[in-house]
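Right, one structure below, let's go through it.
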Amino acid sequence: MIRRLQAILREKNIDAAIVFSWKNKDPNLAYLAGVNIDYSFLVVPKRGSPRLLTSKLEFERARRYSNIKDVRMFQKPAMEHLAKILNRFGPRVGLNKSVASINEFAHIRKNFKGKRYIDIAELLLQMRKTKTGDEIKKLKKACRITDTIFDRLVNGFNFRTEQDILDFLKREAFGFGCSLSFEPIVASGRHSSMPHYRGGNVRLKKGFLTIDFGVDCEGYMSDMTRTIYLGRPSGQEKEMYNVLLAAQKKAIADAKAGTKASILVDSVNMSLGKYAERMIHGLGHGIGVEIHELPSLHPQSKDIIEEGDVFTIEPGIYFENRYGIRIEDDILIQDGRPRVLTHSRKDLITIKR
Ligand SMILES: [Mn+2]
């Protein structure tokens, strides 16, 4: 990761980059340093070794788990210490301006005189889009665990409320030594018509039940949605489910290296026909150290699907105050072709009520 960043810094003629997690957390710090620590600065010069500056609080953890060899504790005041390091390098400093707060940026500018600040937010996002072999291994593991949890959920289904399912998901994720990659969405009956419904202590109702969750294992995140049915679906409900499933499968098959992300949205709209307007969100997003990364699959996206990308494909259709259906898998582009990493059943699972 560090080498990749350094190559980009040289190409862009940036003398050194500072990546920091202070008040706002920058996932790039965990990505580059290999450990999720706060209150730390990582200084990456365009050549030579990077240095990680941490607070007392994070020092031992950083030393033990980070792939950065040169880990030091701040001398106070921290800004002066950082300025001393930065002054060894040229004037062009890369900063992630989408993470630094206005106050932090003002503080940095005041402390480091004679520097020019180049925003590296986009460059870091682009770099993270292509996953390395090690990252793919971790993402596959997260997907495998997600499948196991879903399998257990369906097989031992004896939940009374949405909250029961939320609790189950949390317990299972922790049982695997992982955490949840986001607050899961468990939406039963009418609630399923709201893509970002926040569940609670309400009884599960008959009808569609959308379960959208993922795990964060070793810093890498999965994201999967299945919509199952409690009770007996009507013929029309079954049909809607199968229309959506066919659209999802077609979009996955179309996801080849070199394809524009927006083409996949067109593909889903074609498959959904008159129901296309019922899809009220984007088609998918990259996953990695964050739950939303590049590529972004929406109609205006300029992103191209490429080798090593890992992203979701998650079409949904929503009928206000009635029901919604969403099916989401995680896809890896390997040898130019789509490889589905989540393997949970996709035919409509029904549970007797
Ligand atoms: Mn998603």
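In listed order, ligands and their atoms are each counted from 1.
The Mn ion (ligand 1) forms the vertex of an angle spanning NE2 of H285 and OE2 of E314; to the nearest 10 degrees it equals 80°.
Side-chain atoms of D167 never come within 3.5 Å of backbone atoms of D164 as a donor-acceptor pair (strictly under, hydrogens ignored).
For F41 and F74, the distance between ring centers is under 6.0 angstrom. Outside the 6.0 Å centre-distance limit, the rings of F150 and F213 are not counted as a close aromatic pair.
Metal site remark for the Mn ion (ligand 1): H292 contributes no N, O or S atom at a distance under 2.8 Å. Between the Mn ion (ligand 1) and D223 there is an N/O/S contact shorter than 2.8 Å.
The heavy-atom pair separating L244 from I325 by the smallest distance is CD2-O, 3.4 Å.
Note on E328: its N/O/S atom closest to the Mn ion (ligand 1) is OE2.
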